[in-house]
Peer 1: 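Dropping a structure here in structure tokens format, bear with me for questions.
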Number of protein chains: 2
Amino acid sequence: MKNKEEFIEIQAVLDAFEIIGGKWKFPIIYSLCQSKKRYNELQTDLNGISPRSLANALKELEMNGLIKRDAFATVPVTVEYSLTKYGKELKPVLLSIQEWGKKHRKKIIDEIKNESKG
Amino acid sequence: MKNKEEFIEIQAVLDAFEIIGGKWKFPIIYSLCQSKKRYNELQTDLNGISPRSLANALKELEMNGLIKRDAFATVPVTVEYSLTKYGKELKPVLLSIQEWGKKHRKKIIDEIKNESKG
DNA sequence: CCGGATCCGCTTAGATACTG
DNA sequence: CAGTATCTAAGCGGATCCGG
């Protein structure tokens with residue numbers, strides 16, 4: 001580390017990961033970017049997340065003020081999760097990750113094609 | 001999930017996290033964004049990462065073509081890690097995370113101030 | 001039935017000590 | 001200096017169960 005400024009910069013990244021680290025936080029937020037979702041919709045979107053992990057992640061995200069949980073006393077219960085205004089500030093981050101993910105996917109596919117070509 | 005397109009989008013995020021998920025990958029890449037670094041410099045930058053976790057993360061990042069490892073037969077050995085061209089494509093992602101991290105830090109500090117004000 | 005909580009086992013991450 | 005070995009702690013997933 002060279003100086004105090006650089007320390008703060010990397011500390012910002014580390015801090016961000018205290019909140020949005022873990023395997024599922026980003027995908028959850030990404031899913032909620034599109035629209036508010038119910039518990040089961042999230043579970044489907046996230047393609048096989050366990051209920052335990054989903055519940056934990058949602059609780060932490062709510063504690064940190066990134067998402068909002070609304071429960072309606074219907075029968076059966078309806079619970080909706082949505083991004084808070086603060087959570088929406090993560091959108092640019094999400095979009096850049098997703099863009100990189102698409103590029104990466106393309107790269108992998110190209111590599112496989114080249115291998116089979118010989 | 002509503003349609004196939006949305007599935008691909010979220011899948012891109014999931015895929016990205018296969019590569020750059022985990023607690024330390026982003027901070028490592030962030031640190032290497034600035035300049036190439038030696039093993040111990042990274043350990044210092046990352047403020048307390050264990051050697052094991054650092055070694056593991058570096059190995060995975062190298063396997064995925066994001067970073068490059070150069071060893072020089074000096075005594076003692078010198079090893080330098082740097083971003084590959086492909087790894088550098090993550091810079092925009094890093095910058096947006098870091099920006100959010102700074103915002104978040106400011107928010108937390110403000111909240112603490114307001115609490116102590118009463 | 002929906003939204004979780006709980007129990008269990010496996011995999012990943014971390015602390016510390018030690019080595020080429 | 002740049003890691004590995006070992007042990008322990010935390011996180012994740014699967015199945016099952018419970019309250020409304």
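Labels below follow one simple rule: chain letters A, B, ... track the order of the sequence lines, proteins then strands, and each chain is numbered from 1. Just so it is clear, the model here is predicted, and its values are computed rather than measured. Hydrogens, waters and symmetry mates are skipped; everything else that's a heavy atom, side chains included, is used.
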Peer 1: In whole Å, what is the span from the CG atom of A:N40 to the C1' atom of C:dC1?
Peer 2: 10 Å

Peer 1: Looking across every strand, which nucleic acid part, if any, lies under 4.0 Å from A:F72 by heavy atom: base, sugar-phosphate, or nothing?
Peer 2: nothing

Peer 1: Does B:S53 put a side-chain nitrogen or oxygen below 4.0 Å from OP1 or OP2 of C:dA13?
Peer 2: no

Peer 1: Provide, to the nearest angstrom, the distance between the CZ atom belonging to A:F17 and the P atom belonging to D:dG11.
Peer 2: 16 Å

Peer 1: What's the closest nucleotide to the side chain of B:W24 if the choices are C:dG14, C:dA5, C:dT16?
Peer 2: C:dG14

Peer 1: A:E62 CD to C:dG4 C1': how many Å, rounded?
Peer 2: 13 Å

Peer 1: Taking for each residue the nucleotide of DNA chain C with the nearest heavy atom, is it A:R52 or A:V79 whose nucleotide lies nearer the 5' end?
Peer 2: A:V79

Peer 1: For B:P76, report the nucleic acid contact type (base, sugar-phosphate, nothing); a contact means any heavy atom under 4.0 Å.
Peer 2: sugar-phosphate

Peer 1: Could you work out which one of C:dG4, D:dG14, D:dG3 sits closest to the side chain of B:Y81?
Peer 2: D:dG3

Peer 1: Considering only side-chain heavy atoms of B:K59, which listed nucleotide, C:dG3, D:dT4, C:dG14, is closest?
Peer 2: D:dT4

Peer 1: Starting at the 5' end of DNA chain D and moving along, which residue's nearest nucleotide shows up first, A:G22 or B:V77?
Peer 2: B:V77

Peer 1: Could you tell me whether A:K107 and A:E111 have a side-chain N and a carboxylate O separated by less than 4.0 Å?
Peer 2: yes

Peer 1: Between the side chains of A:K68 and A:E80, is the shortest nitrogen-to-carboxylate-oxygen separation below 4.0 Å, so that they form an ion pair?
Peer 2: no

Peer 1: Which of parallel (below 30°), tilted (30 to 60°) and perpendicular (above 60°) describes A:Y81 and A:Y39?
Peer 2: tilted

Peer 1: Ring-plane angle category for A:H104 and B:Y86, please: parallel below 30°, perpendicular beyond 60°, tilted otherwise.
Peer 2: parallel

Peer 1: Quick check for you: among C:dG4, D:dC1, D:dG13, whose closest atom lies nearest to any side-chain atom of A:S50?
Peer 2: D:dG13

Peer 1: Which whole-number value in Å describes the distance from B:K23 NZ to C:dA15 C1'?
Peer 2: 12 Å

